[in-house]
Amino acid sequence: MKKSREPLYYSEYLQLEKILSSQLPKSVEENNPAHDETLFIIIHQAYELWFKQILHEIDSIIDMFKNDYVNEEYLGVIITRLRRITLVQKVMIEQFNIMETMTPLDFLDFRDLLVPASGFQSVQFRMIENKLGLQKDERLKYNRSVYSQALSQEHQETVKKSEDEISLFNLLEKWLERTPFLNFQGFNFLETYKETVEKMLNNDESIIRSNPTLTEEEIGKQINELEKTRENFSALFDEDKHNLLVKTGQRRLSLKATHAALFINLYRDQPILHLPYNLLSYLLSIDELFSTWRYRHAMMVHRMIGTKIGTGGSSGYNYL
């Protein structure tokens, strides 16, 4: 027998009383209401809600990637959730257009009341970065300190936990390293690719040297650039060179994972590689969209406060 329950009411289900009563402008407390402070609060609250959704999706994807074998049926779900993240990111970027309806003078009406609070203290955004795979030594210092020093003790522990957990990047690397088909029934992908690359580079060199419109100096410059390209490709076939690039931060994936990603991209039209290719594509889109979001944030800050210091004490636009 089904358990009876009370009829669900829209406002109660969405906890609207809590949400709609959580905008408490500091300017009102100071008896000098600034009209646009409500917009400022709502925009940032909306960002935090979207961050929560992104974390929800990332955590579920990490759970599906944690096993030594990722069920192929999961890939479709993972791709759907990665796509959802990219759509959320696009909404987040669009929100800057709403924020920019507030003029710099409107912002100055209440900006000083925010000190020392700062968007830099968004715990959820730091968790997103950590869960995606941002490494501690890749972070810029914030006021000459590690980023977590700007957080409360409780939040420092929260972000530390997210740093210590295995990231989506690490799990993706392990998944790529398990990719089959690199050597399959007499077909050696790497040898075939190496031959193709050498043929391409030799052809490029021939074109440069035989170009009658180039001076000797111009030919020399283009050959030097070509040699850099050749050296870059050579690391794909030399583990020591690749590991050196990883050590210096120029590459991140292991050589085996790099080969797998390359294979998936080159043979993406094969039905068995459609899903892996889409998975990698959406991960790249997430990275690109976060870069776009950061750029729009930096431009908005520059528009609002110019080169003034941020409310949290950073160098503001220059730091961003």
Side-chain angles (χ1 to χ4, degrees), residues 15 18-27 29 37-63 66 81 85 88-89 91-93 95-96 99 107 110-171 286-287 289-291 293-294 296-298 300-301 304-305 308-320:
Q15 297 287 293
K18 292 180 181 177
I19 294 172
L20 299 179
S21 62
S22 64
Q23 294 77 44
L24 305 173
K26 303 305 289 185
S27 60
E29 289 182 18
E37 189 178 0
T38 298
L39 172 68
F40 185 85
I41 292 171
I42 288 175
I43 287 284
H44 285 81
Q45 288 177 336
Y47 275 134
E48 291 297 331
L49 287 172
W50 286 129
F51 291 161
K52 183 173 183 176
Q53 185 64 41
I54 290 173
L55 283 169
H56 183 59
E57 306 300 342
I58 292 173
D59 284 339
S60 71
I61 293 167
I62 286 175
D63 282 341
K66 272 184 177 176
R81 291 177 184 175
I85 291 173
V88 168
Q89 289 177 291
V91 171
M92 286 167 48
I93 291 168
Q95 283 184 190
F96 283 114
M99 178 77 88
F107 183 44
F110 62 91
R111 179 180 182 262
D112 288 348
L113 301 176
L114 309 181
V115 178
S118 167
F120 186 87
Q121 296 168 326
S122 172
V123 175
Q124 290 195 116
F125 189 71
R126 299 307 166 200
M127 290 173 66
I128 290 171
E129 292 176 323
N130 292 336
K131 286 174 181 286
L132 287 177
L134 180 61
Q135 296 175 307
K136 283 191 291 186
D137 56 6
E138 291 178 336
R139 290 184 179 275
L140 293 176
K141 293 288 186 182
Y142 181 73
N143 293 340
R144 290 173 288 196
S145 300
V146 295
Y147 76 101
S148 57
Q149 292 302 306
L151 307 177
S152 69
Q153 186 61 42
E154 178 188 356
H155 287 162
Q156 286 183 39
E157 293 170 5
T158 301
V159 296
K160 178 68 167 59
K161 182 181 177 184
S162 68
E163 284 178 353
D164 295 339
E165 293 171 347
I166 191 164
S167 70
L168 180 56
F169 178 90
N170 297 133
L171 291 169
I286 287 171
D287 185 61
L289 286 165
F290 269 129
S291 295
W293 186 83
R294 290 176 186 275
R296 284 295 304 273
H297 184 207
M300 185 199 68
V301 169
M304 290 292 181
I305 65 171
K308 291 181 180 178
I309 62 170
T311 53
S314 74
S315 57
Y317 167 73
N318 289 326
Y319 173 81
L320 295 173

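Here the structure is a predicted model, which is why all the values come from computation and not from measurement.
- Both the sub-6.0 Å distance and the 45° axial angle are not jointly satisfied by R296 relative to the ring of F96.
- Side-chain contact between T158 and M127 is present, with heavy atoms from C-beta onward closer than 4.5 Å.
- Y47 places a side-chain N or O within 3.5 Å of a backbone atom of M92 that can act as its donor or acceptor partner.
- Between A46 and Q95, the closest heavy-atom pair is CB-OE1, 3.8 Å.
- Between E154 and K161 there is no salt bridge, since no side-chain nitrogen of the basic residue lies less than 4.0 Å from a carboxylate oxygen of the acidic one.
- For the atom pair H56 NE2 and R81 CZ, the distance stands at 7.0 Å (nearest 0.5 Å).
- For the atom pair OG (S152) and CD (E157), the distance works out to 8.5 Å, reported to the nearest 0.5 Å.
- When side chains are defined from C-beta on, S122 counts as touching F51, because their heavy atoms get closer than 4.5 Å.
- Contacts classified as salt bridge (charged side-chain N to carboxylate O under 4.0 Å, His left out) and involving residues 46-58 (residues at least two apart or in different chains) are given here: E57-R84.
- Here the side chains of L168 and K131 are not in contact, with every heavy-atom distance at 4.5 Å or above.
- Contacts of Q15 classified as side-chain contact (heavy atoms from CB on, under 4.5 Å), with partners at least two apart in sequence or in another chain: K18.
- Contact annotation: the side chain of L171 approaches that of K66 to within less than 4.5 Å [non-hydrogen atoms, C-beta and beyond].
- The structure places CG of L132 at 6.5 Å from CD1 of I286, a figure rounded to the nearest 0.5 Å.
- Of the candidates Q124, R139, Q135, R139 is the only one forming a side-chain hydrogen bond (donor to acceptor under 3.5 Å, both in side chains) with E129.
- Of the charged side-chain nitrogens involved, none lies within less than 4.0 Å of a carboxylate oxygen, so that E163 and K160 do not count as a salt-bridged pair.
- Contacts of H44 classified as side-chain contact (heavy atoms from CB on, under 4.5 Å), with partners at least two apart in sequence or in another chain: F40, M99.
- Residues F169 and L134 form no side-chain contact, since every pair of their non-hydrogen atoms from C-beta on lies 4.5 Å or further apart.
- Here L55 contributes atom CG and N130 contributes atom CG; the two are 10.0 Å apart, rounded to the nearest 0.5 Å.
- Under the 3.5 Å distance criterion, the side-chain polar atoms of S167 are matched with a main-chain donor or acceptor of N170.
- Under 4.0 Å is where a charged nitrogen must lie from a carboxylate oxygen, and between K26 and E37 no such pair does.
- Contact detail for I54 and I128: the closest heavy-atom pair is CG2-CD1, 3.9 Å.
- In the model, S148 has no side-chain atom that pairs as donor or acceptor with a side-chain atom of Q156 under 3.5 Å.
- Residues D63 and S60 bring no donor and acceptor atom of their side chains to less than 3.5 Å of each other.
- Residues W50 and Q89 bring no donor and acceptor atom of their side chains to less than 3.5 Å of each other.
- A donor and an acceptor atom, one from each side chain of S162 and R126, are nowhere located under 3.5 Å apart.
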